[in-house]
Amino acid sequence: MSGRGLFITFEGVEGCGKSTQLERLKAHLESRGRDVVTTREPGGTPIAETLRGLLLDPANSAMAPVTELLLYEAARAQHVARLIGPALEAGQVVLCDRFADSTTAYQGAGRGLAEDTLAELHAIATQGVWPDLTLVIDLPVELGLKRARRSGEGDRIEQESIAFHERVRAGFLRQAKSDPGRVRVVDGTGSVDQVGAAIGAIVDDVLEGV
Ligand code: TMP
């Protein structure tokens, strides 16, 4: 466990519904008397949100994969140092929309950057602050992209090929297989209520064990 609080991250391909589910879980936990902070990556602090703008701007199509990796990790370092770490130290529950597993899936499985490089950078950026529980909301890539693109043209990463997003999805599923105690896969094809109920049950289980 990181600090005295509880750190829960939401992961998945574009349009998987994680932001909606994160808000639902916040309400669920608050109704049980928990002090909850919600945040997102890249972002969560002013400096990290500035880096988010750079990372997602479709105009930055010339960005090299390693530059992209370092900017995601730089945003994470700032986020952990200034928001996530202090919140956990204060005993809060932190719900974060994406975290290091997204880097492993997008920059690792998606872009093909080496896993050991990613692991080293995760260690530097997170300083050992690591999720207690990660919920991967899984659904077919085309379904997610259709949902995501309803809200506009799509950012720089959303605009990648279907094959790229397929590798990302497979990357998340591999992480769940290799670390089943922390990373749980939830079927994202059901209704908002069905997915929410599945997540609520997993989180209640974890809280009982704490
Ligand atoms: P969002 O659309 O879920 O807010 O996430 C922003 C985009 O950034 C999304 O396309 C996934 C991507 N991303 C990475 O490629 N690597 C990372 O480490 C993170 C946190 C996000």
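Whatever order the structure lists them in is the order used to number ligands and atoms, beginning at 1. Side chains are part of it too, since the values below use all heavy atoms of this structure and drop only hydrogens, waters and symmetry mates. All figures in this text were calculated on a predicted structure; none of them were measured in a lab.
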Colleague: Give me the one residue out of R76, R98, K18, R52 that meets salt bridge (Lys or Arg N to Asp or Glu O under 4.0 Å) with E41.
Modeller: R76

Colleague: Quick test of your reading of the model: are D205 and R184 salt-bridged, counting only N-O distances below 4.0 Å?
Modeller: no

Colleague: Does this structure show an ion pair linking R149 with E158, if we count only N-O contacts that are shorter than 4.0 Å?
Modeller: no

Colleague: Does any non-hydrogen side-chain atom of P58 lie less than 4.5 Å from one of Q159?
Modeller: yes

Colleague: Can you say whether the rings of F172 and Y106 are parallel (under 30°), tilted (30 to 60°) or perpendicular (over 60°)?
Modeller: perpendicular

Colleague: Is it the case that atom CZ in R111 sees more than 12 heavy atoms from other parts of the structure closer than 6.0 Å?
Modeller: yes

Colleague: What does the 4.0 Å heavy-atom contact list look like for ligand 1?
Modeller: E14, K18, E41, P42, R52, L56, Y72, R76, R98, S102, T103, Y106, Q107, I157

